[in-house]
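These notes concern the structure reproduced below.
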Amino acid sequence: MNIRPNNILSVLLLLMLLSLQSFAQQKSFEARVDSILSLMTLEEKAGQLNQLSSGLGMGPVIGQDDLAAQKKLVREGKVGSLFNAIGAGLTGELQKVAVEESRLKIPLIFGQDVIHGFKTIFPIPLAEASSWDLKAVELSAKIAAKEASASGLHWTFAPMVDIARDPRWGRIAEGSGEDTYLGSLMAAARVKGFQGDLKNTSNILACTKHYAAYGGAEAGRDYNTVDMTERTLRGVYLPPYKATVDAGVRSFMCSFNELDGIPSSANKWLLDDVLRNEWKFDGMIVSDWNSVGELVTHGVASDLSEAAVLALNAGVDMDMESRAYIGNIVQLVKDGKLSVAVVDEAVKRILRMKFEYGLFDDPYRNCDKNREKTDVLSKENKDAALDVARKSVVLLKNENHLLPLKKDLKKIALIGPLANNYTDMLGSWTCMGDSSNVVPLLEGIKNKVNASTEIIYTKGCEIKGTDKEGFKEAIDVANKSDVVILALGESGWMSGEAESRSSLDLPGVQEDLAKEIFKTGKPVVVVLMNGRPLSIGWIAENIPAVVEGWFLGIQAGNALADVLFGDYNPGGKLPATFPRTVGQVPIHYNHKNTGRPANDLVKWNSKYNDLPIGPLYPFGYGLSYTTFEYSKPVLSSGKIKADEKLKVTIEVKNTGNYDGEEVVQLYIRDLVASVTRPVKELKGFSKIFLKKGESKSVEFQLGKDELSFYDKNMKWTVEPGKFKVFVGTNSEDVQEADFEVVE
Ligand code: BGC
C-alpha cells in the first residue's frame, strides 16, 4: 500500500474511532450493569454469585426431577451460572427459564471443562506442549471452542497453566509441564484460541486455572499444601498466569491449595493485590469446586458463613458448588458482617462478563441445534487433531535407525494393553469425547501398511494388575514376527485430578512383559502412552526404539502410525524432565547450581549415591529421523547495556537423510547475581523445518525481558555481570557463548 499523509490521517481517524467505540461500549456496559444492579435484591445478588454443577447432558447423572429442581432455582434467581449442562437444546431450555421466567431475566452463563477438545478430542495438554507449536495449540483451542459453543457453552475452565515439576502429581497431564517460558507461551496461545473475538459465536470465554501454584503440591499429592518463597512463586510459578492476563483472559479460577498458610480462596494478596492491582486483571474470579467450602476443612473458617466472608473479601466472585454464598450472604449483610459493596463488586464482575460475551443481547447465541450437528467432528477438525497429535509425539530412542519401519514387512506383532485401546486415548478430561471416534494404534497401523503385511495383535496383559497369563501368547506372537510394537503405559485416568502416583514405573506387569518380549531377540519398538513422565530406565537402556505417544486423542492411532512408518518425521520435545527413578523428584532442568554441584569424581557433593547424575531424558529432549548440526552461537556483541538487545545467531543444518522439524532452543545463565540463578533458563525457541541437506540461520533477541529476575530486594531487574547463552537441541545438548551486561 502506498502510504500518503492522507492515508495516514484516515488510519489514525479510524483507530481513534475504534477506540472511542470500544470505550463507548465499555461505558454502556457499565451503565447497563449498574442499572441491573440497582434493581437486584440482595437474594438475587447472592444468586448471581452462585454456580452449580448440573450434571445434565453428561449422561445419566441426574434425572428429570433434578432438571425441574434446577429450573426452579433458576426461576427464583438463585443461580448465576451452571456447568456440566451441555447441549444447544438443554442450555436453551434452561436459558429460557432464566430470561423468560425469572424476575430480572438475567441470562445464565454455561461453563464446562473443555480442556483438550470437546468432541474432537485433541492430545492432552502436556502432549500438545511437546509440539512446541504455538499456532497448532492455538488452533486446537479454537476448534474446541467452536465445538463447545455449538453445544450451548459459553465458558471453559481452561487453560490450566500450573507449572509442574513433580510428575507424581497427576495434573501435570493438564498443563504444559515444568517450564515457565514455554508454559507462558502455551498459556497465552490457548487463551487466544478459546477466546479470539468474543463476538464471534464460535468462541468461548477462557478461565485461567488454578491460581496459584497448585502444581507445587508437596510430595506431588493432589490438593496438598504448597509452600514456597515469594521469589520462586513470582519467578517460576506466576508468569504463566500473568501471560494469560496479558493475552486478555476474562476469568480466573482460584486453586484448592494453601500457599504460605493461606488457601487461595481466601488469599486477598494473591487475588486482589497481585492479580487485580498489580497485573490489572479486570475480569471475574470463580472458586474451584467447593474450594470456598473447603476453607472450613483447611481450618481458616469455622463454618460456611465465615468461609463466604473470607472468600468474598479476598475477591472470589463466584462460588462453585459449595453454596457458601447463596446460603449466607443475605444474613451476613444483615448482620453487618459483610459489606454490600463487596457483594456488589462481585456481582458487577459477573454481569460484565455476561455483557461482554453478548448474553444480554442474545442469550441464545449458542443454542443453534443445526450448528450443534455440523460444527463438530468435521473433517477439518479431525485433520487439525491429527496434525497436533503428530507434532506431539516425542522420539526418545532410535538405535540403528530401527524406525521408521517399512510398510511392507511381512509380519508385525502388536502387543500391549494400549495397542488396541480406544478409551484411554482420550486421556483425562474427555469432555464429550466418545471412544467410538478414536482410531486406536492397531487401526492406525492397519491403515498404514501394505495389504500383504500381517499384523498379529495380542494384549499380553492389562495396564494394571498382576496377571501374566497373556505373556505366553504374546511371546509366541513376537516369535512369529519380523518386528514387535509394544504399546505400554498408563490408563487415561491414571493422570489428571486426584490421580497422584507414588511410583512412576509402568504400572502392573507391563515391564515384565517387555522383558519377556525382549528375550525373543526380535527388534522391539516401545510406544508409550501416559499422562506424565515415567521412570522407564530398563526400557530406555534395553529396547532399541522408544516413542513417547502420551494420550493423543481421537487421532492417536493415525498419528502414531504416521510416525512409526515414516510418513511423519517426529519433532516433539519433552516439556518435562523424565527422571530415572521417582526418588529424584522433583527434578527439573532449571535447578540451582548449589555450592557443591553434582560431580562423579568427588564424594562430597549434591548427588545420589545410588544413581547416575542427571535425568533419564532432559527437558527439551526429542530425536528426529534426521540429524541436525548446530554451529556455535554468534553474538552481535560481547557486551550490552541493560536496556540494549543482544542478537544471537546460530546456523542449523539438516545433516541426515530425512526432511524434518527441529525446535532450536535458547537458554541463558546469569553467572553471578545478587541471588542465585538457575543453571539454565529457557528464553527462546524456534521451530524450523529443514529439508535434507538444508541449513538455516536462526536468530534470537535477548533483552530486558529475558535477562531480568527478582533480585535481592525482590525488584525485577537486570543486573550487570557475566552471562552465558546456550543454543541447542535440548536443555543439555547445547553450544555456548559468553556475554556481559555492563553499566
Ligand atoms: C477441578 C477444576 C475444574 C472443576 C470443575 C475441579 O475439581 O479442580 O479444574 O474446573 O472441578 O469441573
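Both ligands and their constituent atoms are indexed starting at 1 by order of listing.
Residue contacts with ligand 1 do not include Glu321, since none of its heavy atoms lies under 4.0 Å from the ligand. Residue contacts with ligand 1 include Met253, since one of its heavy atoms falls under 4.0 Å from the ligand.
Protein heavy atom nearest atom 4 (C) of ligand 1, with residue, atom name and distance: Asp288 OD1, 3.4 Å. Of all protein heavy atoms, the one lying nearest to atom 7 (O) of ligand 1 is Glu497 OE2, 2.8 Å. If you check which protein heavy atom lies closest to atom 3 (C) of ligand 1, you get Asp113 OD1, 3.2 Å. In terms of protein heavy-atom proximity, atom 9 (O) of ligand 1 is closest to His210 NE2, 2.6 Å.
Residue Lys209 has at least one heavy-atom neighbour below 4.0 Å for each of these atoms of ligand 1: 2 (C), 3 (C), 9 (O), 10 (O). The atoms of ligand 1 that sit less than 4.0 Å from any heavy atom of Phe157 are 10 (O). Interface of Arg171 with ligand 1, defined as ligand atoms under 4.0 Å from a residue heavy atom, comprises 1 (C), 2 (C), 8 (O), 9 (O). For ligand 1, the atoms sitting less than 4.0 Å from at least one non-hydrogen atom of Trp289 are 6 (C), 7 (O), 11 (O), numbered in the order shown with element in parentheses. The contact set between ligand 1 and Phe83, taken as ligand atoms under 4.0 Å from a residue heavy atom, comprises 5 (C), 12 (O).
For CZ of Arg221, the number of neighbouring non-hydrogen atoms (other residues, nucleotides, ligands) closer than 6.0 Å is 12 at most. Residue-environment remark: CG (Asp272) exceeds the threshold of 12 foreign heavy atoms within 6.0 Å. Crowding of Lys71 atom NZ: a count of heavy atoms from other residues, nucleotides or ligands under 6.0 Å exceeding 12.
Of the N and O atoms on the side chains of Asp222 and Ser500, not one donor lies less than 3.5 Å from an acceptor on the other residue. Between the side chains of Thr91 and Gln95, no donor N or O sits under 3.5 Å from an acceptor N or O. Under the 3.5 Å distance criterion, with hydrogens and angles disregarded, no donor-acceptor pair is assigned to the side chains of Glu294 and Tyr223.
Contact annotation: for Glu174 versus ligand 1, there are no heavy atoms closer than 4.0 Å. When heavy-atom distances to ligand 1 are checked against a 4.0 Å cut-off, Met160 has no atom that comes that close, whether in backbone or side chain.
To the nearest 0.5 Å, atom OG1 of residue Thr120 and atom CG of residue Asn437 are 7.5 Å apart.
Using cut-offs of 30° and 60° on the angle between ring planes, the pair Phe110 and His154 is tilted.
In this structure, Arg365 forms a cation-pi arrangement with Tyr357, its terminal cationic atom sitting closer than 6.0 Å to the ring centre and no more than 45° off the ring axis.
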